Structure formats: C-alpha cells, structure tokens
Chemist: 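Dropping the structure in here first, questions after.
Basis for what follows: all heavy atoms, side chains included, without hydrogens, waters or symmetry-related copies. In listed order, ligands and their atoms are each counted from 1. Just so you know, these numbers come straight off a predicted model, no measurement behind them.
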Amino acid sequence: MIKGIAASSGIAIGKAFVISENVIEVKETIIKDTAMEKDLFHKAIKTAKAQLEAIKASAESKMGKDKAEIFGAHIMMLEDPELIGAVESSIEQKKYKAEYAVKTTIEMFASMMDSMEDEYMKERAADIRDVGQRLFNIILGVENTAISEINRSCIIVARDLTPSDTAQMDRKLVLGFVTDVGGRTSHSAIMARTLEIPAVVGTGNASSVIKNGDNVIIDGDGGVVLVNPDDETIGKYKNKQDQLHQYNKSLEVLKNAESISKDGKKVEIAGNIGGPKDVMRVLENGGEGVGLFRTEFLYMDKKSFPTEEEQFNAYREVLEGMQGKPVVIRTLDIGGDKKLSYLSIPEEMNPFLGYRAIRLCLDRKDIFKTQLRALLRASAYGNLRIMFPMISGVNELREAKKVIEEVKSKLASENIEISDEIQIGIMIEIPSAAVISDMLAKEVDFFSIGTNDLIQYTVAVDRMNEKVSYLYSPLNPGVLRLIKLVIDNAHREGKWVGVCGEMAGDLNAIPVLLGMGLDEFSMSASSILKARKLIGSLSYEEMKNMTSEVLNMPTPEEILKHIESIINN
Ligand code: PEP
Ligand code: MG
C-alpha cells in the first residue's frame, strides 16, 4: 500500500498508465544503408499523420473545431516539401540515422522560427518541435505519453502533473491519478476535484514503484493507493465504490434546496470553475452561483494569449450559462504553480512570492486591459462580479480600479453596452490584506478569502510541498483568527464575504465558517451538496458559540476534536 494525500474524492480501479520522464537521447550515428533510413522516415510520417488525424477527429468532438485546428496544422507540417527534403538530404548526404536527421532538421527549423520577431512564427517553433517529437517517438518505438492522447481507460501515475495536464484529462478514459509530489491545494488537485476525478497526490515514490499496466486501486478519500491487489481487496473496494455512489445519489434531493442552517441562517453555496465547460457541473450539483472562475485556465489551454474576442465568448458563455445567478470572475492569476508556456518569466527563487497575479497584470497593462475589456463587454449578459487576486494592500487595489475605469470610459466612447451593476471585489489571501481588511472593505463591494494561499502565507508552509503538509491546516488557530477578523471587518462596512479556497468545502471547517457568519461558500462542484447537507444539520447559534470557544484553543488538533464533539452530539 502506498500512502499519500487524499486530493479528490472517489475510488478508481484500473490499469496504470505511467508517465515516464526519461528523455531519450538521440546521438549522431553514421550509417551505410540510406535507403532503409529514408524508408523508416517515410513510414514514420505516415504513422504520425494517421495518429494526428485520429486525435484531430476526437478533439473536434470533445473540444470543438477551433481547438482541433492545431492538429490540422501539424499534419500540414508533415506534408511540407521543404521539411521532408531537408531530412532526406541529411540522411543521404550526411549519412545520419533517420531519428538524428529528424532531430537536427527539426531543431534547425525551430531555431529559425524562434529567432523571428513575429509572435506567430515564434509559436510555430513549439509546434514544429511537437511534430519532431512525435516522429522520433515513432521511429524509436516509444509510446507517446502525452495526456491529451490517452486512448484507453486508465489510472495516470506521474511524478508531477501540471494544472493544464489535469485540465486536458478526458474523464471517460482517465479513471483517476496518482502523483509523487503535490498537496491538496496544488492546482492539479483542485482541477481533479473540478473534474470529479479521484486522485491521490504527494505519495513520494508511486511513479517509480508502479509499472505500466499494473492493476491499481486508488482511494481518493483515504489517500491510499494499492498495487496489484488480490480479488478480495478488489471486491471490497468495488463495494466501497457502490456505497459512495449511493451516498452521492442520496444527496440529489438537495439540488434545488436552499442552503440554510436548521435555525434559519441562510448562506450561499457556489461553485469554483476553470472554464465554460465546468458550468454544467455547478448547475447539476445545485450551485447558487459561481464564486470563483479561475480565468488563468483559459490562458493555459493555449499556445498564445487568448484574444479579447475569445475571452469575451468564454465569459459570456459562463454568464449566460448561469442564468442570472452571480458569477465572480477573477482576473488573471498566473504564477506560482500556474505557468504559461508562451510567457517567459525569469526563474524565481520563490515563485509563490514573486511576479504573479495582480502584480504581473499591473506591470503588463496590455494583458490586463484586454481581459478587462472582454469582461466588461460580457457583463451585459449576466450577473458579473470582478475580483482581483493577490491584493496585498490599498495601492494595488486603487491602481487596478483605475485601470477598470479607463477601460470603461474607452468602451463608453465606443458605445459598447456594459452593465452598471458590476460588483468589484478582492481576494483576501495575503496576511497583510487580512490585517488591514477594515480599510480595504471601504473600497470594495466584497471579499473572497483565498484560504489556499492565506494558509500558505500565514503559516509559511508551501502548499505544494508534501513534506510540510502536516503544518498546512485550515484549523490553524492563527488562520482562524485572521478569517474571523476579515469577516467582521467586511460586515462592519456592510459588505459580503465569501471563502473560495478549498476550506469552504472542508466538512471539518464549515461549522466554524458558519459560526463566524460567512455569507458565501464557494467550492468544487462535487462538494456542494455535501456542504449543503451539513449546513442544514447545524444550528447557527450553536456554531457561533462553538466558534468563540474554538478561537481560544491553541492547536488544530484540539480545535478539530472540539468541533467533532459538538457536531456529532
Ligand atoms: C486561494 O488561494 O485560496 C484561491 C482560491 O486561489 P488559488 O487556489 O487559485 O491560488
Ligand atoms: Mg490564491
């Protein structure tokens, strides 16, 4: 049994698909039989084209024609006479083996494109390298382990997965995943919960212990992975899977119910999304709004910055999809564990404390303004609330609001309609902002507490590092006192306050947040009904009393014990 961190609920049983990180070295080798190498090269082109045709067709049906177009471009590259001619002559004249001829020719083309001023051509360099990788994988008989190309049902096992790897997973094929590194609030874990894919992270060594094709069970609630289990164990977990399924079904009666405590305190339970396709899950799970749209996923899905029009369409789709319910859209929060392949940021010692989110947007107003224009234009189609991430003080907030005003007046001069009821809020995820939340509250319409980062920064515990995850607790007394301060300061100014970090859906933390008077809980869609059920079973007055006791308890363990003793009574 391999132990890890329970990252996304559910049991998955299936065959492992191990993503290896071994880079194959292709060395210069001189050959005699050039005809054979040329033949290998042409066969590889044929196979690559067939693979790409199949991927293109499946991408078209899953993600639409637009997104699939990239594979059409790859097919065209494989038909380019200049490229084919250059590889052939490198085999004939330099007597290179096929894979080495492909490698050197592709690199020559890619560097040429890289050195051009034109952004479009620079992007093509990444594409041609992709095509080259595919060709030498085929020539060398190496299985392609790109997540987007998985075509059998499996459990992914990897050292690490980026958030965009997770976002690309096809739920019908990927039954679950296991990683060596990461924590519960790393973005690949958050995405797993959004997609409702069971996951265990931070196992330390799963990707070296588990072999391709091994039978694997993952328990996303218990945080354990079993490798090649016997029939009895498989039977036991199948039962568990059924029970979980039954339990989830039993929650469906709450889908259209209010989120209200048993003594009548009403709160709002909303969903967190990463793009338009997640709206359906929020609605299916009875979400009363979207409390956090992490727009960076729109950017991460692409090979260059999304245009204003692309963003406008995505925001409009979400706003219309939510049918007038409130939608909090957060402006770009890139940085930390979320990177853009096309935006080069120099290596940083502490990326979570570095050039990211609002800092980057205020520095790159071109990027920021494009997003704000798209957001403001989309506001005419629903109930939009705009939120800035990583605000550390009043200056950043004022500057960001100034940019919004500039963009608004530009749109007005173009006679473009925008809503006049857009609320502007900020994330409270940096301790300095929490401490001065009395002053910040005067200048916003709402707060949303980003506990994922607030815990990380308050306790000085990297949210991605499994070695220190024992310190990462939402019930840390220092964190709880800060949250209470923020809620009280917001209410004093008559502003509403939510939590959109993972703590909002944490069944151990919800009683305390309710007791503190939190107005909105925003979480992964899969947690909404469980949270509503729990809130319905609690008395607000009792939770208020419990919270004042808890705020004077010195350790997370004592706090948890006290909460459990009260709510199980
Ligand atoms: C947070 O920090 O709690 C949050 C919701 O933002 P993210 O997880 O995207 O950093
Ligand atoms: Mg955050």
Chemist: For atom 1 (C) of ligand 1, state which one of I428, N452, I430 supplies the nearest heavy atom.
Modeler: N452

Chemist: I want to confirm something. Looking only at heavy atoms, which of M390, R356, Q456, H187 is nearest to atom 7 (P) of ligand 1?
Modeler: H187

Chemist: Could you tell me whether the side chains of Q371 and Y315 share a donor-acceptor contact shorter than 3.5 Å?
Modeler: yes

Chemist: Angle class for the W496/F446 ring planes (parallel below 30°, perpendicular above 60°, tilted otherwise)?
Modeler: parallel

Chemist: Give the atoms of ligand 1, by number and element, whose distance to some non-hydrogen atom of K338 is under 4.0 Å.
Modeler: 9 (O)

Chemist: For L292, counting its heavy atoms only, list the atoms of ligand 1 lying under 4.0 Å from any of them.
Modeler: 5 (C)

Chemist: For the residue pair E542 / N545, report whether a side-chain donor-acceptor contact shorter than 3.5 Å exists.
Modeler: no

Chemist: Just go through E502, E296, M387, R463 and tell me whose heavy atom is the nearest to atom 10 (O) of ligand 1.
Modeler: R463

Chemist: Return the name of the atom in E429, of element N, O or S, nearest to the Mg ion (ligand 2).
Modeler: OE1

Chemist: Tell me, yes or no, whether the heavy-atom count around K3 atom NZ, taken from other residues, nucleotides or ligands under 6.0 Å, exceeds 12.
Modeler: no

Chemist: What atoms of ligand 1 come closer than 4.0 angstrom to any heavy atom of C500?
Modeler: 5 (C)

Chemist: Please list the nearest protein heavy atom to atom 6 (O) of ligand 1 with its residue and the distance rounded to 0.1 Å.
Modeler: R330 NH1, 2.9 Å

Chemist: Check the side chains of T194 and D278 for a donor-acceptor pair under 3.5 angstrom, ignoring hydrogens and angles.
Modeler: no

Chemist: Assess whether side-chain contact (heavy atoms from CB on, under 4.5 Å) is satisfied between M387 and I426, documenting all intermediate values.
Modeler: CA-CA 5 Å; M387 173 160 79; I426 57 172; 5.6 Å; no

Chemist: Using a 4.0 Å heavy-atom threshold (strictly under), name the region of N272 that reaches ligand 1: side chain, backbone, both or neither.
Modeler: neither

Chemist: Could you verify whether a donor N or O on one side chain and an acceptor N or O on the other, from D160 and T179, lie under 3.5 Å apart?
Modeler: no

Chemist: With heavy atoms of D453 as the reference, note each atom of ligand 1 found under 4.0 Å away.
Modeler: 1 (C), 2 (O), 3 (O), 10 (O)

Chemist: So which N/O/S atom does D453 have closest to the Mg ion (ligand 2)?
Modeler: OD2

